[in-house]
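These notes are about the structure you will find just below.
Each residue takes its place number in the sequence, starting with 1.
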Amino acid sequence: MIKTETIENIVKTTDGLELLKAVSELEQERLVFSTSFGAEDQIITDMIFRNNLKIDIFTLDTGRMFPETYSTLSKTDRKSTRLNSSHIT
């Protein structure tokens, strides 16, 4: 388990990309990022993909997303095979 103090120190001393890198290098079973495909999530997703960080990415497909969201999901999925989309009803 990661100590809270460790994460607090990383957050206080790094920018977004460095934070993602530092957290992805901590020893843990698995690190997962959930995306809703909003602008801020796309920035984080891009940083994860471009830097080949050990962070899995997933979204939940409720079947009720806007067409633009499905389009973004498709475009993001084409950029990496690491995106996991789970359909729930």
Side-chain angles (χ1 to χ4, degrees):
M1 174 147 267
I2 302 169
K3 293 183 179 180
T4 303
E5 298 84 29
T6 302
I7 294 175
E8 287 174 352
N9 288 334
I10 293 170
V11 170
K12 288 178 185 176
T13 60
T14 60
D15 64 22
L17 177 57
E18 292 305 314
L19 174 62
L20 286 172
K21 286 180 178 179
V23 172
S24 73
E25 293 170 1
L26 293 173
E27 291 185 31
Q28 73 275 329
E29 289 184 33
R30 187 174 181 195
L31 189 59
V32 181
F33 172 66
S34 171
T35 181
S36 64
F37 299 104
E40 64 284 351
D41 286 359
Q42 286 300 95
I43 292 169
I44 295 169
T45 298
D46 184 65
M47 287 192 282
I48 292 169
F49 289 166
R50 282 183 193 255
N51 294 280
N52 200 30
L53 301 178
K54 297 183 297 182
I55 301 173
D56 295 327
I57 301 172
F58 81 98
T59 189
L60 296 175
D61 178 359
T62 61
R64 296 174 185 220
M65 293 190 287
F66 294 109
E68 296 85 0
T69 305
Y70 284 110
S71 175
T72 303
L73 185 154
S74 178
K75 289 175 186 174
T76 304
D77 196 34
R78 284 194 299 263
K79 289 188 177 191
S80 176
T81 58
R82 295 173 46 201
L83 178 64
N84 181 6
S85 175
S86 299
H87 182 78
I88 60 170
T89 54

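Cluster annotation: Leu60 is connected to Val32 through the hydrophobic network of ILVMFWY side chains, with a link wherever side-chain heavy atoms come within less than 4.5 Å.
At least one donor-acceptor pair under 3.5 Å links the side chain of Asn51 to the backbone N or O of Met47. Proximity of a side-chain donor or acceptor of Thr59 to a complementary backbone N or O of Thr35 within less than 3.5 Å is detected.
Not counting sequence neighbours, Glu25 has no partner by the salt bridge (Lys or Arg N to Asp or Glu O under 4.0 Å) test. Listed by chain and residue number, Phe37, Gln42, Thr45, Phe49, Thr72, Leu83 satisfy the side-chain contact (heavy atoms from CB on, under 4.5 Å) test with Thr76 (two or more places apart in sequence, or in another chain). Qualifying salt bridge (Lys or Arg N to Asp or Glu O under 4.0 Å) partners for Arg30, counting only residues two or more places apart in sequence or in other chains: Asp56.
Shown here for Ile55 and Ser24, the closest heavy-atom pair between the two residues is CG1-CB, 3.8 Å. Contact detail for Leu53 and Lys21: the closest heavy-atom pair is CD2-CG, 3.8 Å. The shortest heavy-atom contact between Thr69 and Met65 is CG2-SD, 3.4 Å. Nearest heavy atoms, Lys54 versus Leu31: O-CB, 4.0 Å.
The CD1 atom of Ile48 lies 12.0 Å from the CD1 atom of Ile43; values are rounded to the nearest 0.5 Å.
Side-chain contact between Leu20 and Ile44 is present, with at least one heavy-atom pair separated by less than 4.5 Å.
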